[in-house]
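Step one of this worksheet: look at the structure below.
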There are 2 protein chains.
Amino acid sequence: MASIKDVAAQAGVSVATVSRVLNSHPSVSPDARSRVLAAVDALGYRPNAVARSLRTDQTRTLGLVISDVLNPYFTALARSVEEEARALGYSVIIGNADERPEQQDHHVRTLLDRRIDGLLVSPADGASPLLHEVARTGTPMVFVDRWMPGVDVPVVRADGHRAIQDLVAHLHALGHRRLAIIAGPAATTTGDERVEAFREAMRTHGLALPDAYIGQGDFQADSGRRVTEHFLSLPEPPEIVFAADNLMALGALDAIRAHGLRVPEDIGIAAFDDIPWFVHTGPPITAIAQPTGDLGRAAVRALVDVIEGRPPQSVTLPARLVVRSSCGEPAGGPPSNRSDRRSGL
Amino acid sequence: MASIKDVAAQAGVSVATVSRVLNSHPSVSPDARSRVLAAVDALGYRPNAVARSLRTDQTRTLGLVISDVLNPYFTALARSVEEEARALGYSVIIGNADERPEQQDHHVRTLLDRRIDGLLVSPADGASPLLHEVARTGTPMVFVDRWMPGVDVPVVRADGHRAIQDLVAHLHALGHRRLAIIAGPAATTTGDERVEAFREAMRTHGLALPDAYIGQGDFQADSGRRVTEHFLSLPEPPEIVFAADNLMALGALDAIRAHGLRVPEDIGIAAFDDIPWFVHTGPPITAIAQPTGDLGRAAVRALVDVIEGRPPQSVTLPARLVVRSSCGEPAGGPPSNRSDRRSGL
DNA sequence: CTGCGCCGTGGAATCGATTACACGGATGAT
DNA sequence: ATCATCCGTGTAATCGATTCCACGGCGCAG
């Protein structure tokens, strides 16, 4: 592969001049510039980003460590992150933690070894010493979706409090009283937060939330299955199961189907995260939608602000309830939810 | 951030010795080794991968350019690719083409600029001059899922011929005669191939496949919607719509729902690609499943073979039909498909 | 006419690693 | 005792870029 030396030789100038042309430095004669450009073209020369990074101490690359690539919520996030980053002249390297703290740390370390300019993380684990260390050493970092309490880093996330209140109000209005939740890992802020918001909403509506109705999941489908099995085995099973993410909702559906039960007649279901498929499940699933696109864009902007020395901003955007029929037919009869005419994918 | 010089100073040795310890070169005294290790630990030193790559001319990184991150098939593929690569000591940088040739080329170029050791591509476009060029210059490359005819590069993919034959046989047995297909872009091999296999299977069963029943899609949900609208407006609409990927199936469902039609009573649906949600759609969708995990692993192994100078192998694995109820109840009555008890996500 | 300053350019240092080569000392063979 | 060998180590070249500094030539002002 041709190097800058080859270009310099071909153009009859020094490497310094070639570099100046390539970086559009002002003081280069039109003559030299065109000879360099011609040589670049002739040789199909492309600057070696590795060498350039070594010298300039910047890679124009962002690291994004997401909790799970198989989760449509995170891929939607990843997509908007990459798009915004590209628009700002950065590339993105994605690391998939698979909800496993060791794997998260592995990716963080690898990304740091490659000297990425900044890190976007959705921590799979509230207590990673490595991430604490990273924050302490001043590596530009922004948390997205989840965060770590006590770490002074901008956070970009959606707030589900209001939407969860709306959800419980909706369920209450439909006559449901026994509501259960499949929680995310307590080690994640989103896990905690959603349970707390749910608990609070239940209190607001004068409903009890017994411990038996709080199942411990891990944001993966299997745990949704397991917890739902448990709910169904209770002497008095819940009327509604609310899953704290879409994959656990998938698992819950698996379990319900395995028991030969019908939704919503025998048991209702709702989920945090809205995905295109929820429109077409049997029945369509009531969900809380997050503004993934805005989240991704805001996260990148905050991170780039840190990197380029501007004061960054934490951002919290509201999530919103999307009512479908998985908890019983909303008043007014047959499906008429206009927002569902297109899946938006 | 501490460099190798700092470690050398701290340990009282030269940088060469530090490097030797780090690369477990044999001739280092136990004493020096332990002093270096202590210094590394004290300083929290991590080798700069950028500098290392510049010197050794290898990055131990693979590039993966997929057609669409929002497509669960490709994220499943990406996950298995990353896993296998990690097992072999490589990292993976994912580029998302979004089914757009320019964006694909953008990522290919960026990856090459970073001097990745090898490239895994699922070409969004049959004729990218850039990819031709890359193949010609001998950059290690392997095609996965889709390929480019006439480019001499190993291909790892699933073969759907047999599964499509099985699908048409199944539909024929259910009494369906008017089958339509939503094809992928003709510029992709998978697009072409699936139509051809379908056409052949129709012929085998003595069925006609009029041009009006071949809709042109682009592997995205919107096109599935559009093509299905068209099918439904035909004087004699098809009894079954077969979508060449899962996103177009999603779009088809959107269109069918918008028309207030029921599946499978009014119209049946089947899809290429199986995803966990197909079990829970209303009704569960008959699909052709690809062995994504094996595909990803085989692709990485083939690529690493090329990189490390071993003879690589093209691999073709069979896809298989998974019958559910979206085309009508299979003989034997109510759902009893054991393979659907768990979603496998 | 002289001198100052600017412009275009090249030489060389630099980034942080790896590694070829040289060198001194110890060891073993004769 | 002598010499070859080997081991552990350090010096310095190198990878491919960027960028500081110096230098020659030219234009312009005094």
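A, B, ... follow the sequence lines: proteins, then strands. Residue 1 opens every chain.
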Distance in angstrom units between [X] [atom1] and [N] [atom2], rounded:
X: A:R52; N: D:dT19; atom1: CZ; atom2: C1'; result: 13 Å
X: A:N48; N: D:dT18; atom1: CG; atom2: C1'; result: 13 Å
X: A:H25; N: C:dG10; atom1: NE2; atom2: P; result: 13 Å
X: B:Q58; N: C:dT18; atom1: CD; atom2: P; result: 11 Å
X: A:Y45; N: D:dG16; atom1: OH; atom2: C1'; result: 7 Å
X: A:R46; N: D:dG16; atom1: CZ; atom2: P; result: 17 Å
X: A:I4; N: D:dT14; atom1: CD1; atom2: P; result: 18 Å
X: B:M1; N: C:dC15; atom1: CE; atom2: C1'; result: 15 Å

Side-chain contact test, heavy atoms from C-beta onward, threshold under 4.5 Å: evaluate it for B:S80 versus B:L295 and give yes or no. no
Under 4.0 angstrom between [X] side-chain N/O and [N] OP1 or OP2:
X: A:N23; N: D:dT18; value: yes
X: A:T17; N: C:dT9; value: no
X: A:R55; N: C:dT14; value: no
X: A:S29; N: C:dT9; value: yes

Take atom [atom1] of [X] as the centre, draw a 6.0 Å sphere, and report whether it contains more than 12 heavy atoms from other residues, nucleotides or ligands.
X: A:D31; atom1: CG; value: yes
X: A:Q313; atom1: CD; value: no
X: A:D57; atom1: CG; value: no

Answer with base, sugar-phosphate or nothing: what part of the nucleic acid does [X] contact at a heavy-atom distance below 4.0 Å?
X: A:S27; value: base
X: A:V13; value: sugar-phosphate
X: A:A32; value: sugar-phosphate

What nucleotide, of [options], holds the atom closest to the side chain of [X]?
X: A:S19; options: D:dT19, C:dA17, D:dG16; answer: D:dT19
X: A:S14; options: C:dG10, D:dT19, C:dT19; answer: C:dG10
X: B:L54; options: C:dT19, D:dG16, C:dG10; answer: D:dG16

Name the residue closer to the 5' end of DNA chain D, choosing between B:R33 and B:A51 according to the nucleotide with the nearest heavy atom.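 The residue mapped nearer the 5' terminus is B:R33.
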Donor-acceptor contact below 3.5 Å, side chain A:E84 vs main chain A:A298: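 Looks like no, no N/O pair under 3.5 Å.
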Answer yes or no: side-chain N or O of A:R20 and base N or O of C:dG10 forming a donor-acceptor pair under 3.5 Å. yes
